[in-house]
Amino acid sequence: MELFISSTSTGEGSIGTLLGVFALTVLASWAGVLFSLLLTVGLFLDSRHLRRADANWTPTPLYALAGVVHGVGTALLPAFAVSVPVIGYYLYRRRGRNATAG
C-alpha cells in the first residue's frame, strides 16, 4: 500500500506500474481475508474436537472469534493486537496438550 501511495503521489510511475501495485495490494488483502476465514474454521473445529476428546484442557469454541478478529485486522491493524496473542495462547496450550498426549 505504501508503494502504491508513494508512486501515485510523485507521478513518476507508469500506469502499468500503478495497476500492478494496486492489483498486488488487492490480492494481498483478499489473501488475508481467506486466511482468517480458514483460521476461524480451523480453530472452531479443533476446539470442538478437543472438547469431545478426553483431554485435560477443553477450550471453548469462542476461540474461533479470534479468527474473525484476525480478519478485521486486515483492515484495522490494531485488531492484530488482540487476535495474535489469543491465537498464540491457543497454540501454546494446544502444543502442551499434544506433548502430554503422546
Side-chain angles (χ1 to χ4, degrees):
M1 187 56 105
E2 183 180 332
L3 179 63
F4 178 71
I5 292 171
S6 66
S7 63
T8 56
S9 63
T10 60
E12 297 174 6
S14 68
I15 191 73
T17 303
L18 296 177
L19 289 176
V21 170
F22 179 75
L24 287 175
T25 303
V26 171
L27 182 65
S29 296
W30 280 107
V33 170
L34 178 64
F35 174 75
S36 69
L37 178 66
L38 292 174
L39 181 66
T40 301
V41 171
L43 284 171
F44 177 76
L45 293 177
D46 188 57
S47 65
R48 192 175 73 174
H49 172 73
L50 283 176
R51 287 182 65 79
R52 290 181 180 171
D54 185 24
N56 57 357
W57 178 58
T58 54
T60 176
L62 292 177
Y63 276 104
L65 291 177
V68 174
V69 174
H70 204 76
V72 171
T74 61
L76 298 172
L77 197 57
F80 285 134
V82 174
S83 67
V84 171
V86 171
I87 294 168
Y89 175 75
Y90 182 88
L91 292 176
Y92 176 77
R93 290 293 306 262
R94 179 71 163 116
R95 180 177 170 264
R97 193 238 180 253
N98 283 344
T100 59

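All heavy atoms count here, side chains included; hydrogens, waters and symmetry mates do not. Keep in mind the model is a prediction, meaning the values are calculated, not measured.
- Hydrophobic clustering, with ILVMFWY side chains joined whenever heavy atoms are under 4.5 angstrom apart, groups Leu91 together with Val86.
- Note on Trp30 and Val68: separate hydrophobic clusters, where clusters join Ile, Leu, Val, Met, Phe, Trp and Tyr whose side-chain heavy atoms are under 4.5 Å apart, directly or indirectly.
- Residue Arg52 holds its CZ atom at 13.5 Å from OG1 of Thr58, rounded to the nearest 0.5 Å.
- A distance of 11.0 Å separates CG in Leu19 from CG in Leu24, rounded to the nearest 0.5 Å.
- A pairwise comparison of heavy atoms in His70 and Ile87 identifies ND1-CD1, 4.1 Å as the closest pair.
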Evaluation steps, side chain to side chain contact (heavy atoms under 4.5 Å, CB included), between Leu50 and Arg94: CA-CA 9 Å; Leu50 283 176; Arg94 179 71 163 116; 3.4 Å; yes

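- In this structure, the separation between CZ on Phe22 and CG on Leu27 is 11.5 Å, given to the nearest 0.5 Å.
- Residues Pro85 and Phe80 share a closest heavy-atom pair of CD-O, 3.7 Å.
- Shortest non-hydrogen contact noted between Ser83 and Val69 is CB-CG1, 3.9 Å.
- Leu37 and Phe44 sit in two unconnected hydrophobic clusters of ILVMFWY residues. Membership requires side-chain heavy atoms under 4.5 Å apart, directly or through other members.
- Counted within 6.0 Å of CH2 on Trp57, heavy atoms from surrounding residues, nucleotides or ligands total more than 12; the atom is thus considered enclosed.
- Leu34 and Val84 fall into different hydrophobic clusters, where Ile, Leu, Val, Met, Phe, Trp and Tyr residues are linked whenever their side-chain heavy atoms come under 4.5 Å apart, directly or through other members.
- Residues Ser47 and Pro61 come closest through the heavy atom pair OG-CA, 3.3 Å.
- Across every non-hydrogen atom of Leu39 and Gly67, the tightest pair is CD2-CA, 4.1 Å.
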